[in-house]
Structures are given as C-alpha cells and as structure tokens.
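This report refers to the structure that appears directly beneath it.
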Amino acid sequence: MAESKQIAMYRAVCEDGIGKGDLKVVDRFIAPNMKEHETGVEPPNSEGLKNLIRMMHTAFPDLRVTVEDVWEMGDTVIGRITWTGTHTGPLGDIPPTRKKVNVTGIDIVRFSGDKCVEHWGVTDRMSMMEQLGVVQPMQA
C-alpha cells in the first residue's frame with residue numbers, strides 16, 4: 001500500500017530534513033508560521049526547527065532519523081521515531097563525549113494542504129543525557 005501524501009511529507013521531514021540536515025526539506029514541507037509545541041525549539045516555528053537541526057548536526061554530525069511507526073488520522077500524522085548519532089561536537093555547553101546515542105521520540109503533526117502547520121513532540125532527552133553520561137540513570 002502506498003503512503004499517503006501527509007505520511008510521505010512527515011517521513012521526508014524526519015529522515016531527510018532532520019536526519020540528513022537538509023533544510024530545503026523544512027522549507028518545502030513546513031509552513032513558516034508553523035506552531036511548535038515541543039519545548040526547546042526557539043522560536044517556536046520553522047526557523048526554530050532549522051536552529052534545532054543545525055545544533056543537532058553540530059553535536060552529532062552522523063545524525064540519522066528512522067521513522068519506526070506512523071499513523072494518519074484526517075489532517076494529522078502520528079509518528080514514532082528513533083534517532084542515532086555520535087556526540088563529536090558541542091551540544092550547548094556540553095563538550096563532545098564521543099558517545100553514541102539512540103533516542104526515541106513521538107510526534108503529532110497537523111497538516112493543512114502541503115505544509116505542516118502544527119507540531120507536538122516528546123523526545124526522550126533524559127535518556128540522551130544518561131547515554132552521554134551527563135546525568136546518572138535513575139534507580140528504581
């Protein structure tokens with residue numbers, strides 16, 4: 001079964017835009033005034049997403065994103081992603097650790113026409129910080 005247009009756009013943004021750092025994909029599929037609800041994306045629009053992509057590719061030059069699962073309901077796509085990379089550049093004020101990370105995330109993306117106009121996301125940043133050795137894993 002062929003993917004819908006919305007799922008194909010979501011996959012392109014995740015795998016090519018974020019995963020490969022292709023900012024032209026962001027321009028193509030994300031509305032400039034897209035409303036971003038995930039914390040840490042500043043400003044909370046398409047420029048903020050580009051800033052995040054640049055930061056992530058500075059910290060993890062080998063960054064790759066895989067769409068693990070994806071569902072569509074009307075104008076909304078829900079996805080589960082995994083991203084991997086090796087921390088060889090600065091991540092904010094965290095110096096390179098040379099550690100590999102495997103991070104999961106969940107996205108809810110609303111489309112209007114050929115553009116993403118709203119995004120809610122939850123990325124497992126705590127797991128990333130644990131894998132980098134920045135914080136100690138919580139013990140049960």
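Along the sequence shown, the residues carry numbers beginning at 1.
- Note on Met126: it clusters hydrophobically with Leu52, by side-chain heavy-atom contacts below 4.5 Å among ILVMFWY residues.
- With salt bridges taken as basic N to acidic carboxylate O contacts below 4.0 Å, one links Asp114 and Lys5.
- Side-chain contact between Glu118 and Phe111 is absent, with no heavy-atom pair separated by less than 4.5 Å.
- Looking at heavy atoms from C-beta onward, Lys20 lies out of side-chain contact with Val25 at the 4.5 angstrom threshold.
- A distance of 9.5 Å separates CZ in Arg54 from CG in Leu49, rounded to the nearest 0.5 Å.
- Counting only distance, with no hydrogens or angles, the side chain of Asn45 and the backbone of Gly48 share a donor-acceptor pair below 3.5 Å.
- The same ILVMFWY cluster, assembled from side-chain heavy atoms under 4.5 Å apart, contains both Val134 and Val103.
- The distance from atom CG of Asp16 to atom CG of Asp22, rounded to the nearest 0.5 Å, is 6.5 Å.
- In terms of heavy-atom proximity, Ser46 sits nearest to Ala31 at CB-O, 3.6 Å.
- If you chain together hydrophobic residues whose side chains sit under 4.5 Å apart, Ile94 and Met56 fall into the same group.
- Looking only at distances, a side-chain donor or acceptor of Asp62 sits under 3.5 Å from a matching main-chain atom of Thr86.
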### Query
Where do Lys115 and Ile30 land on the side-chain contact (heavy atoms from CB on, under 4.5 Å) test, with the steps shown first?
CA-CA 5 Å; Lys115 301 280 187 179; Ile30 307 290; over 6 Å; no
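- By the 4.5 Å heavy-atom criterion applied to side chains, Ile78 and Val70 are not counted as neighbours.
- Looking only at distances, a side-chain donor or acceptor of His57 sits under 3.5 Å from a matching main-chain atom of Ile18.
- The two residues Tyr10 and Gly79 come nearest to each other via the heavy atoms OH-CA, 3.4 Å.
- Within the 4.5 Å cutoff, side-chain heavy atoms of Trp83 are placed close to those of Phe60.
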### Query
Does the pair Asp27 and Lys50 meet the rule for a salt bridge (Lys or Arg N to Asp or Glu O under 4.0 Å), with working shown?
CA-CA 9 Å; Asp27 290 334; Lys50 289 179 187 178; 2.4 Å; yes
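- Between Met34 and His119 the shortest side-chain heavy-atom distance falls below 4.5 Å.
- The shortest side-chain heavy-atom distance between Ile81 and Asp107 falls under the 4.5 Å cut-off.
- Within a 6.0 Å radius of CZ in Arg110, other residues, nucleotides and ligands contribute more than 12 heavy atoms.
- No side-chain donor-acceptor contact under 3.5 Å links Lys99 to the backbone of Thr88.
- Cluster annotation: Met55 and Leu132 are assigned to the same hydrophobic cluster (Ile/Leu/Val/Met/Phe/Trp/Tyr, side-chain heavy-atom contacts under 4.5 Å, transitive).
- Salt bridge Glu3/Arg11: present, at least one basic N to carboxylate O contact under 4.0 Å.
- Residues Leu91 and Met129 approach most closely at CD2-CE, 4.5 Å, considering heavy atoms.
- Proximity of a side-chain donor or acceptor of Gln6 to a complementary backbone N or O of Gly74 within less than 3.5 Å is detected.
- Pro96 approaches Pro90 most closely through the heavy-atom pair CG-N, 4.0 Å.
- A donor-acceptor contact shorter than 3.5 Å is absent between the side chain of His87 and the backbone of Arg98.
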### Task
Start with the C-alpha distance between Glu42 and Asn51, add both sets of side-chain angles, then the distance that settles side-chain contact (heavy atoms from CB on, under 4.5 Å), and finish with yes or no.
CA-CA 8 Å; Glu42 291 297 328; Asn51 292 339; 6.0 Å; no
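- Residue pairs meeting the side chain to side chain donor-acceptor pair (under 3.5 Å) criterion with at least one partner in residues 128-140, sequence neighbours excluded, are Ser127-Gln131.
- Using a 4.5 Å cut-off between side-chain heavy atoms of Ile, Leu, Val, Met, Phe, Trp and Tyr, with links allowed through other members, Val122 and Ile108 fall into different hydrophobic clusters.
- How far CZ of Arg64 is from SG of Cys14: 14.0 Å, rounded to the nearest 0.5 Å.
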### Task
I would like to know whether Thr82 and Val65 meet side-chain contact (heavy atoms from CB on, under 4.5 Å); could you show each step before the answer?
CA-CA 6 Å; Thr82 301; Val65 176; over 6 Å; no
### Query
What do the steps show when you test Thr66 against Glu15 for side-chain hydrogen bond (donor to acceptor under 3.5 Å, both in side chains), and what is the final call?
CA-CA 6 Å; Thr66 303; Glu15 295 176 351; 5.8 Å; no
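- For the pair Lys35 and Val117, the minimum side-chain heavy-atom distance is 4.5 Å or more.
- Using a 4.5 Å heavy-atom threshold, the side chains of Thr84 and Leu63 count as separate.
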### Task
Any chance you could lay out the side-chain contact (heavy atoms from CB on, under 4.5 Å) test for Trp71 and Thr76, step after step, and finish with the verdict?
CA-CA 8 Å; Trp71 301 271; Thr76 302; over 6 Å; no
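- Relative ring orientation between Trp120 and His37 is described as parallel, the plane-to-plane angle staying below 30° on a 0-90° scale split at 30° and 60°.
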